[in-house]
> 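Take this structure first; my questions come after.
None of these values were measured; they are calculated from a predicted model. Throughout, protein chains are lettered first and strands after them, A, B, ... in sequence-line order, and every chain is numbered starting at 1.
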Protein chains: 2
Amino acid sequence: MRDFSRSLPMSLLRAREAVMRQFRPKLREHGLTEQQWRILRALASIEAAEVTELARTAFLLGPSLSRMLRDLEARNLIERKTAKADQRRSMVSISKEGVKLMAAVAPSSEAIYAEITQRFGARNLAALQEMLGQLEVCLASADASDEIADGA
Amino acid sequence: MRDFSRSLPMSLLRAREAVMRQFRPKLREHGLTEQQWRILRALASIEAAEVTELARTAFLLGPSLSRMLRDLEARNLIERKTAKADQRRSMVSISKEGVKLMAAVAPSSEAIYAEITQRFGARNLAALQEMLGQLEVCLASADASDEIADGA
DNA sequence: CGCATTCACTTAACATGTTAAGTAATATCC
DNA sequence: GGATATTACTTAACATGTTAAGTGAATGCG
């Protein structure tokens, strides 16, 4: 069997960990986990979003997101109100405090990203992301055909 | 701020998830999680390994590995014995049952990997892994200089 | 209308990620 | 040789990943 430490999943895992290791200490200073930061960033760019939509954007599963929203709401970093038209849906938005926290963290975060870009090379970075995107597309089509085969 | 869904961490996360989504169902059929499978695969290629060494190979943190080894030992998939020379160290090895389970799963796993390789292209795959490796190297040197700055 | 189905979200349960603290054995240093 | 530090590993505590089940609201359809 292939040397598993050279397998694609392990390569991706190690690469991502190497990247996130750069960010985590700064986020931690502000009492944020990587995932909480993802939620705030996703919310920052829009007025309000439904939970399901937010889950897709922040790439989180519903149950994880549900817990985190509860906690973030308790910390007054986000706000929720149920939609008028459909009481099942709840609209989530970032609070003033949330915006303030983002403003405090964003400069460091940007600086770290810039440092990574500089080290790896902007061109390399773009090429890498292009390949990652293509990989996703390949495998998404694999999933789709599976679903058809399963009659889903 | 950059559109965070196009950031490197998110690209890596989505790509890895797209890959692992292909494997998880088959592992699940055999009652294995992704991480348990990593442990077995890491052990399969060597006689025995210390826990710390295994953690490095399977890219798991000590506490996670400690729990998983307890469970895998209870399922008789691995074996442990403390080293004679140094009673702190415990040597971990895969059991006969573990080998049997691996033999049962490996063909499907290989087939899935081959399918991914074919879809994405062997050349693209090699190029991607090369880039991921370089990214790791870049950032590892960043960590190293941080440690020096911190006096570590 | 009534009722089964679907939908949006939450809760539950268990496994792992992550950091800190604990434990026992070994190494170091005087 | 004995106090101290370090090492290898485990436990603890809390956050998230993951699947299944639960809940209440909207939809579809007779």
> Does a side-chain N or O from A:T52 land closer than 4.0 Å to OP1 or OP2 of C:dC9, or not?
yes
> Is it true that A:R56 and A:E50 have a side-chain N and a carboxylate O under 4.0 angstrom from each other?
no
> Would you say the side-chain atoms of A:Q129 and B:S11 include a donor-acceptor pair closer than 3.5 Å?
yes
> Between B:T117 (side chain) and B:Y113 (backbone), is there a donor-acceptor pair under 3.5 Å?
yes
> Using the rule salt bridge (Lys or Arg N to Asp or Glu O under 4.0 Å), only one of B:R14, B:R21, B:R119 pairs with A:E136; which is it?
B:R14
> Quiz question: going by heavy-atom distance under 3.5 Å, is there a donor-acceptor pair between the base of C:dC9 and the side chain of A:R88?
no
> Looking at A:K26 and A:E29, is any side-chain nitrogen of the basic one under 4.0 Å from a carboxylate oxygen of the acidic one?
yes
> So if I define the base as every atom that isn't primed, P, OP1 or OP2, how would nucleotides 15-21 of chain C read as a B/S/- string at a heavy-atom cutoff under 4.0 Å?
SBBBBB-
> Go through D:dA25, C:dC7, C:dA25 for me and flag the one nearest to the B:D86 side chain.
C:dA25
> Identify the two heavy atoms, one from B:L128 and one from A:M131, that lie closest to each other, and give their separation to 0.1 Å.
N-CE, 3.8 Å
> Send over the distance from B:Q87 CD to D:dT10 C1', rounded to a whole Å.
16 Å
> Rounded to the nearest angstrom, tell me the gap between atom CD in A:E73 and atom P in C:dC9.
14 Å
> Find the distance A:E50:CD to C:dT10:C1' and express it as a whole number of Å.
16 Å
> Between B:L69 (CG) and D:dC9 (C1'), how many Å, whole number?
10 Å
> Whole angstrom is fine here: how far is it from CZ in A:R89 over to C1' in C:dT10?
16 Å
